[in-house]
Asks: 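The structure is given below, and queries will be raised subsequently.
All values reported here derive from a predicted model rather than from experimental measurement.
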Amino acid sequence: MKTQSAEKLAIRILAFGIAKDILEDNVIWMEIKPGSKVSDLKEVLLEEFPDFEKLRYVRFAINESYVDDDHVISQDDEIAIIPPVSGG
Amino acid sequence: MKTQSAEKLAIRILAFGIAKDILEDNVIWMEIKPGSKVSDLKEVLLEEFPDFEKLRYVRFAINESYVDDDHVISQDDEIAIIPPVSGG
Amino acid sequence: MECQIYLSEQPLDGNEVFRFLQTPASGGMVVFTGTVRDHFENKKVIRLEFEAYQAMAVKEMERLAAICAEKWPCHRIAIHHRTGVLQVGEIPVIIGVSCTHRREAFAACQFLIDTLKESIPIWKKEVFQDGSHWVSAHP
Amino acid sequence: MECQIYLSEQPLDGNEVFRFLQTPASGGMVVFTGTVRDHFENKKVIRLEFEAYQAMAVKEMERLAAICAEKWPCHRIAIHHRTGVLQVGEIPVIIGVSCTHRREAFAACQFLIDTLKESIPIWKKEVFQDGSHWVSAHP
């Protein structure tokens with residue numbers, strides 16, 4: 001019999017700008033259920049780190065491209081939290 | 001008894017661009033009646049050099065500023081014909 | 001359309017942008033240069049710190065140039081952005097476009113800088129005498 | 001507002017415009033550069049000849065800069081224009097504006113070049129292989 005945790009994916013999330021300040025690190029590890037969408041990840045993140053609620057928006061990038069909420073996350077994806085950008 | 005010509009002002013007119021080509025010189029002299037306006041000068045010029053009719057417009061400058069048709073010309077004015085400009 | 005994308009800690013070179021943009025067919029070139037201002041809402045700015053998601057930012061800048069070239073007939077597009085610590089008067093960004101006609105070049109250049117500020121994963125922290133903040137992070 | 005007006009047969013220097021425009025308060029600088037194109041309505045251009053009513057053109061450029069600074073809060077305005085014979089690829093005009101914000105700088109720069117082309121007493125003759133014409137003279 002498999003344990004609950006064995007069914008989870010360990011994913012690595014990059015953080016930049018104010019997201020790095022909120023997470024107090026430029027990379028964090030999280031466990032998600034296989035088949036989880038970006039929207040699921042966002043929900044968990046907002047729950048654990050309510051400071052994200054204060055931002056203008058929180059977007060996600062997977063493999064260096066913006067993704068929508070319904071994108072399904074894979075183990076090997078490079079996932080990044082994109083807080084409001086301010087280049088230029 | 002004064003002659004008609006003694007009552008006239010001899011004025012010097014600068015020409016640039018296509019106006020220079022039409023007049024075949026970069027400066028011409030004309031005689032105008034005292035009290036003549038820019039509109040009077042324009043009329044005489046168009047009569048003598050009908051090629052000016054073909055231009056998009058003909059403006060005049062006096063003492064290095066654009067003037068309207070009702071501007072009265074003085075003997076000492078620096079008068080210039082300004083054909084359609086095309087700087088830049 | 002050819003494009004030149006730079007994202008690095010090295011100082012930007014307006015001359016290089018200019019030389020890159022010139023083609024014999026290009027009647028109009030428009031170059032926007034951003035500089036670090038000495039104040040923000042009446043507060044004195046000490047310095048700016050730029051951070052980028054390097055690989056994604058470069059990809060997004062290339063994508064932005066391609067979108068721009070679909071909207072306007074651009075001959076060349078340069079997008080140069082700097083990262084790291086910048087002092088007042090230094091140049092974080094130079095964007096240049098060359099087109100046959102000037103109107104297209106103005107429109108394209110303005111589109112590039114407006115969209116860059118909305119979509120490229122680069123973040124800027126303004127440092128004041130009494131603190132700092134990530135620009136535009138909050139509503 | 002400070003302005004820098006040049007009208008001469010000497011080649012124009014984009015670097016000088018750029019250096020002039022920079023102030024610590026100016027977050028945005030927009031520079032328009034015109035170049036002599038190699039074609040006009042499918043005809044090959046050999047060279048351009050620019051003629052100016054020198055004294056009046058300088059006066060009008062100064063007036064134009066003043067009008068622009070009334071419309072937008074400009075820190076610096078540069079209007080550099082060349083006269084004489086120019087080959088393809090050479091630069092007849094550079095116009096630059098620095099402002100606190102980029103939107104104003106774009107609008108002001110576009111106004112300056114648009115109005116310069118309508119009102120400054122400078123004339124350009126395009127020389128083709130089989131003739132020449134004064135640009136925009138006829139309807």
Asks: Using non-hydrogen atoms and a 4.5 Å limit, figure out which bit of C:Pro92 sits close to chain A: side chain, backbone, both or neither.
Replies: side chain
Asks: For a quick test of reading the model, state the closest non-hydrogen atom pair linking A:Pro84 to C:Ser136 and the distance between them.
Replies: CB-O, 3.4 Å
Asks: Checking A:Asp21 against chain C: side chain, backbone, both or neither under 4.5 Å from a heavy atom?
Replies: side chain
Asks: Is it the side chain or the backbone of C:Tyr53 that comes within 4.5 Å of chain A heavy atoms, both, or neither?
Replies: both
Asks: State, yes or no, whether a side-chain contact exists between A:Ile18 and C:His138 at a heavy-atom distance under 4.5 Å.
Replies: yes
Asks: Quick one: OH on A:Tyr66 to NZ on C:Lys59, what's the gap to the nearest 0.5 Å?
Replies: 13.0 Å
Asks: Counting a contact as any heavy-atom pair under 4.5 Å apart, which residues of residues 69-76 of chain A contact chain C?
Replies: none
Asks: Working to the nearest 0.5 Å, report the span between CD of A:Glu64 and CD of C:Glu60.
Replies: 10.0 Å
Asks: Which bit of C:Glu49 comes within less than 4.5 Å of chain A, counting heavy atoms only: side chain, backbone, both or neither?
Replies: neither
Asks: Tell me if a side-chain donor or acceptor on A:Ser86 pairs with a main-chain N or O of C:Lys124 at a distance below 3.5 Å.
Replies: yes
Asks: Report which part of C:Trp134 has an atom under 4.5 Å of a heavy atom belonging to chain A: side chain, backbone, both, or neither.
Replies: side chain
Asks: Begin with the C-alpha distance, continue with both residues' side-chain angles, and end with the deciding distance and a verdict on side-chain contact (heavy atoms from CB on, under 4.5 Å) for C:Glu51 and A:Lys20.
Replies: CA-CA 11 Å; C:Glu51 185 183 337; A:Lys20 207 172 59 178; 3.1 Å; yes
Asks: Please flag which part of C:Lys117 lies under 4.5 Å from any non-hydrogen atom of chain A: side chain, backbone, both or neither.
Replies: both
Asks: Does some side-chain heavy atom of A:Pro83 sit less than 4.5 Å from a side-chain heavy atom of C:Trp123?
Replies: yes
Asks: Examine whether an atom of C:Ala57 lies under 4.5 Å from a heavy atom of chain A, and if so say whether it belongs to the side chain, the backbone or both; otherwise answer neither.
Replies: neither
Asks: Within the supplied structure, the quantity of interest is the number of heavy atoms (other residues, nucleotides, ligands) at a distance under 6.0 Å from A:Lys37 NZ; does it exceed 12?
Replies: no
Asks: Considering only heavy atoms and a distance below 4.5 Å, find which of A:Val85, A:Leu14, A:Ile82 pairs most often with chain C.
Replies: A:Val85
Asks: Which residues, numbered in order, of residues 43-61 of chain A come under 4.5 angstrom of chain C by heavy-atom distance?
Replies: A:Lys54, A:Leu55, A:Arg56, A:Tyr57, A:Ala61
